[in-house]
There are 2 protein chains.
Amino acid sequence: MEETVEGLDRFPHPHLAVDIALLTLHAGALHALLLRRTEAPFAGALSLPGSFVRVREAVDAAAARVLAEKCGLRDVFLEQLFTFGDVKRDPRGRVVSVAHYALVPAARLQAVMTAYDLQLLRIVVPWPLHQGGAVQVVGEDQKAVRLAFDHADILGTTVQRLRGKIDYAPVGFELLPPQFTLLDLLEVHQAVLGRELNKDSFRRRLLSSGLLSATGRQRSGVAYRPAALFRFRATGRGKGKKA
Amino acid sequence: MEETVEGLDRFPHPHLAVDIALLTLHAGALHALLLRRTEAPFAGALSLPGSFVRVREAVDAAAARVLAEKCGLRDVFLEQLFTFGDVKRDPRGRVVSVAHYALVPAARLQAVMTAYDLQLLRIVVPWPLHQGGAVQVVGEDQKAVRLAFDHADILGTTVQRLRGKIDYAPVGFELLPPQFTLLDLLEVHQAVLGRELNKDSFRRRLLSSGLLSATGRQRSGVAYRPAALFRFRATGRGKGKKA
DNA sequence: AAAATAGTGTCTATGAGACACTATAGT
DNA sequence: ACTATAGTGTCTCATAGACACTATTTT
């Protein structure tokens with residue numbers, strides 16, 4: 001880095017953006033939050049919410065700003081994912097994107113979906129457990145929808161990251177409301193991992209993990225024995241910062 | 001991303017750099033490859049090799065170029081680590097850095113150390129197993145050395161990533177010569193994890209992992225029973241690409 | 001009482017740690 | 001023969017899967 005920034009400012013350098021892969025759990029399946037593009041390129045296609053990074057703005061602050069401005073969401077789980085830096089990923093020119101991923105319980109999205117003109121589409125993961133690659137995104141008619149830019153890759157990397165992380169980091173809770181049953185949490189893990197899990201050992205593992213605290217309350221309104229409601233036990237760590 | 005890149009080019013936007021945290025194993029301990037800075041800021045301090053990303057150059061290509069140009073190293077394990085995007089991380093102005101990490105066996109460095117004026121300093125990890133944070137870098141006198149920019153954080157994130165990855169991904173081999181004994185590999189794992197490992201279960205785990213292939217040869221010149229030499233079994237995956 | 005899921009107790013298989021014991025090079 | 005490490009066999013302990021059995025709510 002011999003060059004001074006001052007000297008470089010007059011020469012072209014890559015643009016820097018953030019894109020947000022926001023996932024939620026809906027009807028037992030992972031869904032992604034998408035926006036309909038109105039301008040070229042990819043006009044009319046669906047894309048992840050994103051923005052350029054401002055000169056006096058930290059990269060993670062830019063990611064939080066996108067969620068607030070374009071989706072009306074604050075204080076959600078948000079973490080850096082991967083930086084996508086291919087030369088031709090944006091047909092407009094050289095744009096490097098620092099992708100982030102966010103996790104939100106579906107209930108929190110209800111309020112902002114129409115106000116911010118957001119779309120929620122189901123994710124189909126066409127590769128085995130820890131492999132990686134692009135995902136498919138399907139509409140209500142179950143037909144695959146094409147996303148703008150490399151956003152299907154970004155969503156794929158998000159799922160891959162989640163799959164690698166959910167077994168040892170408390171991220172499953174971010175997709176659930178504050179109180180949930182063990183079966184709710186099991187279904188989150190199954191949706192993320194894309195496979196069935198053993199109920200018994202899941203119960204034992206979570207109960208002995210120290211991550212749950214019993215609320216003493218029960219799920220009501222079910223026509224069978226109600227399950228106990230748990231809460232995620234705050235461990236005093238910050239939120240949305242580096243793992 | 002309503003704005004067009006063409007329209008934005010006339011306005012200031014962040015600069016984009018890559019920095020490389022290259023680790024190796026020397027005398028049973030992790031060491032980092034560092035350069036002595038000759039210009040402000042941090043003139044005289046040690047820093048990671050880095051460079052700005054060119055407009056027609058992919059980010060991972062920039063990282064490979066830095067290793068080739070500044071260290072004379074090609075075809076080494078190189079992976080994206082994390083993007084450091086704080087506003088004030090570079091006193092010259094706004095520079096976001098896509099940090100990468102590289103792993104190289106110490107033998108490969110011998111040839112380039114003096115030709116490229118490189119320094120190899122030992123890393124001290126002051127935090128427990130999976131926590132994270134900055135590391136210390138100590139010189140021959142065992143005194144801590146101050147690094148330029150946020151490079152101590154980048155090295156810390158590298159160790160954290162390695163610790164999280166070495167148990168399930170074949171990265172330990174990247175720090176060893178092509179042929180090695182099980183004890184060599186054990187020492188790599190111990191240096192990365194910063195704790196002693198059980199020899200017996202390590203042996204069983206690695207032998208049954210399918211990652212090793214026996215060479216039939218033995219380590220020679222030792223005053224006791226010689227250990228069998230193994231080779232890393234290529235699994236057909238690419239190298240240095242995304243996990 | 002019937003239905004359906006919640007939750008408990010126990011058996012088994014697997015893998016890690018511990019440790020005793022045998023093997024093999026150099027001196 | 002002695003020494004130091006390589007490598008094997010076996011016992012124990014912790015954890016996941018499997019499954020039988022009991023508990024609790026609504027209809």
Side-chain angles (χ1 to χ4, degrees), chain A residues 27-28 129-130 163-170 172 176-177 179-233, chain B residues 27-28 129-130 163-170 172 176-177 179-233:
Chain A
L129 191 53
H130 284 118
R163 286 185 172 183
K165 197 159 183 169
I166 198 169
D167 280 338
Y168 69 91
L176 290 174
Q179 300 199 6
F180 51 85
T181 68
L182 280 169
L183 188 56
D184 292 336
L185 188 57
L186 174 74
E187 283 166 354
V188 167
H189 281 239
Q190 289 185 152
V192 167
L193 294 171
R195 67 186 183 94
E196 304 250 306
L197 293 176
N198 184 283
K199 283 192 175 76
D200 305 288
S201 56
F202 184 81
R203 159 179 291 272
R204 257 176 313 175
R205 186 156 56 90
L206 268 289
L207 286 181
S208 63
S209 71
L211 293 173
L212 301 179
S213 80
T215 63
R217 303 183 53 204
Q218 296 183 332
R219 167 85 74 211
S220 61
V222 289
Y224 43 80
R225 175 174 176 177
L229 286 170
F230 291 88
R231 191 194 311 275
F232 172 53
R233 170 171 298 187
Chain B
L129 191 53
H130 284 118
R163 286 185 171 183
K165 196 160 183 169
I166 197 169
D167 279 339
Y168 68 91
L176 290 174
Q179 300 200 5
F180 51 86
T181 69
L182 279 169
L183 187 57
D184 292 336
L185 189 56
L186 174 75
E187 284 167 352
V188 167
H189 281 239
Q190 289 184 152
V192 167
L193 294 172
R195 67 184 183 93
E196 304 249 306
L197 293 176
N198 184 283
K199 284 193 175 73
D200 305 288
S201 57
F202 184 81
R203 161 179 290 272
R204 258 176 313 176
R205 185 157 56 90
L206 266 291
L207 286 180
S208 64
S209 71
L211 293 173
L212 301 179
S213 80
T215 62
R217 302 183 52 202
Q218 295 183 333
R219 161 108 349 141
S220 61
V222 288
Y224 42 82
R225 175 172 174 178
L229 286 169
F230 292 89
R231 190 193 314 272
F232 172 54
R233 170 170 298 187

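Order of the sequence lines sets the chain letters (A, B, ...), proteins ahead of strands, with each chain counted from 1. Atoms considered below: every heavy atom in the structure, side chains included; atoms not considered: hydrogens, waters and symmetry mates.
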Qualifying residues under side chain to side chain contact (heavy atoms under 4.5 Å, CB included), relative to Thr215(B), sequence neighbours excluded:
Gln179(B), Arg217(B), Leu229(B), Arg231(B)
When you compare the side chain of [Y] with that of [X], does any pair of heavy atoms fall below 4.5 Å?
X: Phe202(A); Y: Leu185(A); value: yes
X: Lys199(A); Y: Leu183(A); value: yes
X: Leu212(A); Y: Phe180(A); value: yes
X: Phe230(A); Y: Leu207(A); value: yes

Under 4.0 Å, heavy atom to any atom of DNA chain D: which of residues 185-207 of chain A qualify?
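Contacting residues: Asn198(A), Asp200(A), Ser201(A), Arg204(A), Arg205(A).
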Can you sort out which residues in residues 222-231 of chain B have a heavy atom within less than 4.0 Å of DNA chain D? Ascending by number, please.
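Hits under 4.0 Å, by residue number: Tyr224(B), Arg225(B), Pro226(B), Ala227(B), Ala228(B).
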Leu206(B), Leu197(B), Asn198(B), Thr181(B) screened by side-chain contact (heavy atoms from CB on, under 4.5 Å) with Leu186(B), the one that passes
Leu197(B)
Write down the atom of Arg195(B), the atom of Leu129(B), and the distance for their closest heavy-atom approach.
NE-CD2, 4.1 Å
Minimum-distance pair of heavy atoms, taken over all atoms of Gln218(B) and Pro226(B):
OE1-CG, 3.3 Å
If you look at every strand shown and take non-hydrogen atoms under 4.0 Å, does Leu182(B) touch a base, only sugar-phosphate, or nothing?
nothing
